[in-house]
A.B. asks: 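I'd like to ask you about the structure that follows.
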Amino acid sequence: MNSENILAGLDEERRALGEGSGRGVVRELATDGSECRIVYAHCAPEELDDVIREETALARSRDYSLEWKLYGHDTPADLADRLTAAGFEPDDQESVLVLPLDGADLDSFDVAGRDIRPVTDEQGLADYAQIARALGRKNAEEERQRLAAELRDDPQALSIHIAYVDGQPASCGRAYFRRGGSYAELAGGRTVPEHRRQGLFTALVGSRLRQARERGRTHVFVDALPTSEPTLRKLGFEVVTWTRPFVYEPGS
């Protein structure tokens with residue numbers, strides 16, 4: 001696997017996720033305008049501090065939460081220090097893993113006998129939110145509304161899968177498919193506590209990988225915390241870089 005080519009492809013995906021600012025920054029704005037995420041930035045070192053000030057000023061004027069999603073191969077090398085100095089708070093670091101689908105053995109991701117369903121209606125979204133609430137997530141309803149809007153606006157760009165046990169929602173995960181892109185991204189893998197260590201996480205990865213292959217995607221990316229990274233690596237995913245969100249809250 002050529003890591004340099006993989007990272008170039010990842011950056012291409014990042015640049016296409018949102019709208020460019022004209023200053024080397026690509027923003028992804030939530031449908032309701034409450035959050036903004038900088039998914040890609042390529043700025044000259046001598047201009048970067050001005051760009052950061054502009055982005056924080058914009059967050060204050062529009063009153064939204066601002067996240068700058070930093071990757072290990074982003075430049076300049078001191079970008080994390082500059083964000084912290086500007087008032088951003090670092091969140092947990094995650095590994096970025098990739099699996100080339102060409103030749104991948106998807107039999108390792110056993111879905112046999114599993115009740116896995118794609119979300120196609122409001123009931124499916126309610127089941128997704130039920131899993132989030134079971135894990136103590138306070139923003140479950142806001143997330144449900146955001147995902148409903150995304151599915152309504154572009155149903156081909158987002159896919160949500162839920163695993164059921166005895167008819168009850170037990171585990172879930174999302175997959176993103178950018179129009180015109182060759183990659184897919186996995187996100188949102190969650191399992192309610194009483195159904196962990198039953199293979200549901202792996203099965204849901206498998207169902208989304210099969211969908212990605214059916215749609216002609218060449219690679220699948222996922223940001224993984226230390227809790228899920230070992231499982232994914234055993235299943236053939238490889239680490240290509242890391243990512244860490246830096247969050248700026250106006251007025252904090």
Side-chain angles (χ1 to χ4, degrees), residues 28 30-32 34-35 37 65 67 69 91-97 99 106 108-177 184-212 214-215 220-235 237 243 245 247:
E28 184 182 39
T31 305
D32 62 3
S34 63
E35 299 177 352
R37 185 165 66 156
S65 175
E67 176 188 311
K69 192 165 170 59
D91 207 335
D92 293 334
Q93 182 171 305
E94 298 177 294
S95 295
V96 180
L97 295 91
L99 178 71
L106 299 192
S108 301
F109 302 85
D110 184 18
V111 298
R114 305 290 186 179
D115 182 5
I116 298 177
R117 312 173 199 172
V119 170
T120 59
D121 54 22
E122 287 295 329
Q123 182 58 56
L125 287 167
D127 290 345
Y128 185 93
Q130 181 177 324
I131 294 172
R133 285 192 293 271
L135 294 172
R137 293 179 177 265
K138 298 179 180 180
N139 66 336
E141 177 57 24
E142 290 83 354
E143 183 182 44
R144 185 197 67 78
Q145 294 178 10
R146 175 176 59 80
L147 293 174
E150 291 179 12
L151 284 171
R152 182 179 61 249
D153 294 344
D154 193 351
Q156 294 302 309
L158 169 64
S159 180
I160 304 173
H161 296 204
I162 298 179
Y164 292 81
V165 175
D166 297 329
Q168 295 299 309
S171 188
C172 61
R174 306 189 304 273
Y176 292 91
F177 302 92
E185 179 186 3
L186 307 187
R190 303 168 186 169
T191 302
V192 297
E194 58 265 36
H195 291 296
R196 289 174 179 164
R197 301 187 182 279
Q198 297 176 11
L200 295 177
F201 173 85
T202 301
L204 278 165
V205 171
S207 68
R208 288 174 288 167
L209 291 180
R210 285 172 172 80
Q211 184 180 44
E214 290 168 1
R215 293 193 181 190
V220 173
F221 278 93
V222 60
D223 297 347
L225 288 166
T227 49
S228 58
E229 180 182 339
T231 300
L232 291 167
R233 295 186 70 171
K234 287 179 183 177
L235 293 167
F237 281 81
T243 185
V247 180

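Note that the structure is a prediction, hence the values are computed from the model and not measured. Positions are given from 1, in the same order as the sequence printed here.
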A.B. asks: Atom OG in S95, atom CZ in F237: separation rounded to 0.5 Å?
C.D. replies: 13.0 Å
A.B. asks: Establish, for the pair R215 and F177, whether the NZ or CZ atom is under 6.0 angstrom from the six-membered ring centre and no further than 45 degrees off its axis.
C.D. replies: yes
A.B. asks: Does R174 have any side-chain hydrogen bond (donor to acceptor under 3.5 Å, both in side chains) partners at least two apart in sequence or in another chain, and if so, which?
C.D. replies: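 Scan of R174 (side-chain hydrogen bond (donor to acceptor under 3.5 Å, both in side chains), adjacent residues dropped) gives Y128, Y176.
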A.B. asks: Quick one: salt bridge (Lys or Arg N to Asp or Glu O under 4.0 Å) pairs with a partner in residues 148-165, sequence neighbours left out?
C.D. replies: R146-E150, D154-R179
A.B. asks: Give, for atom CG of L125 and atom CG of L147, the distance between the pair rounded to the nearest 0.5 Å.
C.D. replies: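 Answer for the CG-CG pair, L125 versus L147, is 6.5 Å.
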A.B. asks: If I compare all heavy atoms of A203 with all of I116, which pair ends up nearest, and what's the gap?
C.D. replies: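 Shortest heavy-atom separation between A203 and I116 comes out as O-CD1, 3.8 Å.
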A.B. asks: If every non-hydrogen atom of Q198 is compared with every non-hydrogen atom of R114, which pair is closest and at what distance?
C.D. replies: O-NH2, 2.7 Å
A.B. asks: According to salt bridge (charged side-chain N to carboxylate O under 4.0 Å, His left out), who are the partners of E229, at least two apart in sequence or on a separate chain?
C.D. replies: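 Listed in chain order: R233.
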A.B. asks: T191 versus R197: any side-chain heavy-atom pair under 4.5 Å?
C.D. replies: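 Side-chain contact under 4.5 Å: no.
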A.B. asks: Would you please name every residue forming a salt bridge (charged side-chain N to carboxylate O under 4.0 Å, His left out) with R117, sequence neighbours left out?
C.D. replies: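 Listed in chain order: D115.
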A.B. asks: How about T120 and L151: do any of their side-chain heavy atoms sit closer than 4.5 Å?
C.D. replies: no
A.B. asks: I'd like to check the side-chain hydrogen bond (donor to acceptor under 3.5 Å, both in side chains) partners of S34; sequence neighbours left out, ordered by chain and number.
C.D. replies: D32
A.B. asks: Considering only heavy atoms from C-beta outward, does the side chain of P193 approach that of L135 to under 4.5 Å?
C.D. replies: yes
A.B. asks: Would you say R37's side chain and K69's backbone share a donor-acceptor pair under 3.5 angstrom?
C.D. replies: no
A.B. asks: Sequence neighbours excluded, which residues qualify as salt bridge (charged side-chain N to carboxylate O under 4.0 Å, His left out) partners of E122?
C.D. replies: R144
A.B. asks: side-chain contact (heavy atoms from CB on, under 4.5 Å) with V96: which residues, sequence neighbours excluded?
C.D. replies: L10, Y71, F221, D223, V240, T241, T243
A.B. asks: List for me each residue that meets side-chain contact (heavy atoms from CB on, under 4.5 Å) alongside Q93, sequence neighbours excluded, and say none if there are none.
C.D. replies: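 Once residues adjacent in sequence are excluded, the partners of Q93 under the side-chain contact (heavy atoms from CB on, under 4.5 Å) criterion are W242, R244.
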A.B. asks: What residues form a ring pair (Phe, Tyr, Trp, His ring centres under 6.0 Å) with F109, not counting sequence neighbours?
C.D. replies: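 Per chain and number, F109 pairs via ring pair (Phe, Tyr, Trp, His ring centres under 6.0 Å) with no residue.
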A.B. asks: When you measure from the side chain of N139 to the backbone N and O of E142, does any donor-acceptor pair fall under 3.5 Å?
C.D. replies: no
A.B. asks: Sequence neighbours excluded, which residues qualify as side-chain hydrogen bond (donor to acceptor under 3.5 Å, both in side chains) partners of D127?
C.D. replies: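 Counting only residues at least two positions away or on another chain, D127 forms a side-chain hydrogen bond (donor to acceptor under 3.5 Å, both in side chains) with Q123, Y164.
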A.B. asks: Using a 4.5 Å cut-off on heavy atoms from C-beta on, say whether the side chain of F201 contacts that of L232.
C.D. replies: yes
A.B. asks: First locate atom CG of L204, then atom CD1 of I162, and finally report the distance between them rounded to the nearest 0.5 Å.
C.D. replies: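 CD1 of I162 is found 9.0 Å from CG of L204.
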A.B. asks: Using a 4.5 Å cut-off on heavy atoms from C-beta on, say whether the side chain of S171 contacts that of R190.
C.D. replies: no
A.B. asks: R133: which residues meet the salt bridge (charged side-chain N to carboxylate O under 4.0 Å, His left out) condition with it, sequence neighbours left out?
C.D. replies: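 Salt bridge (charged side-chain N to carboxylate O under 4.0 Å, His left out) check on R133 returns nothing, list empty.
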A.B. asks: Using every non-hydrogen atom in the two residues, find where A175 and Q211 come nearest and quote the distance to one decimal.
C.D. replies: CB-OE1, 4.4 Å
A.B. asks: D91: what forms a side-chain hydrogen bond (donor to acceptor under 3.5 Å, both in side chains) with it, not counting sequence neighbours?
C.D. replies: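 D91: no side-chain hydrogen bond (donor to acceptor under 3.5 Å, both in side chains) contacts found.
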A.B. asks: How far apart are the C-alpha atoms of H195 and Q168, what are their side-chain angles, what is the distance that settles it, and do they pass the side chain to side chain donor-acceptor pair (under 3.5 Å) test?
C.D. replies: CA-CA 11 Å; H195 291 296; Q168 295 299 309; over 6 Å; no
A.B. asks: Mind checking whether L235 and T202 have side chains closer than 4.5 Å, heavy atoms only?
C.D. replies: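 Touching, per the 4.5 Å side-chain cut-off.
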A.B. asks: Taking all heavy atoms of V247 and all of S65, pick out the closest pair and write down the distance.
C.D. replies: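 So the minimum-distance heavy-atom pair works out to CG1-OG, 4.0 Å.
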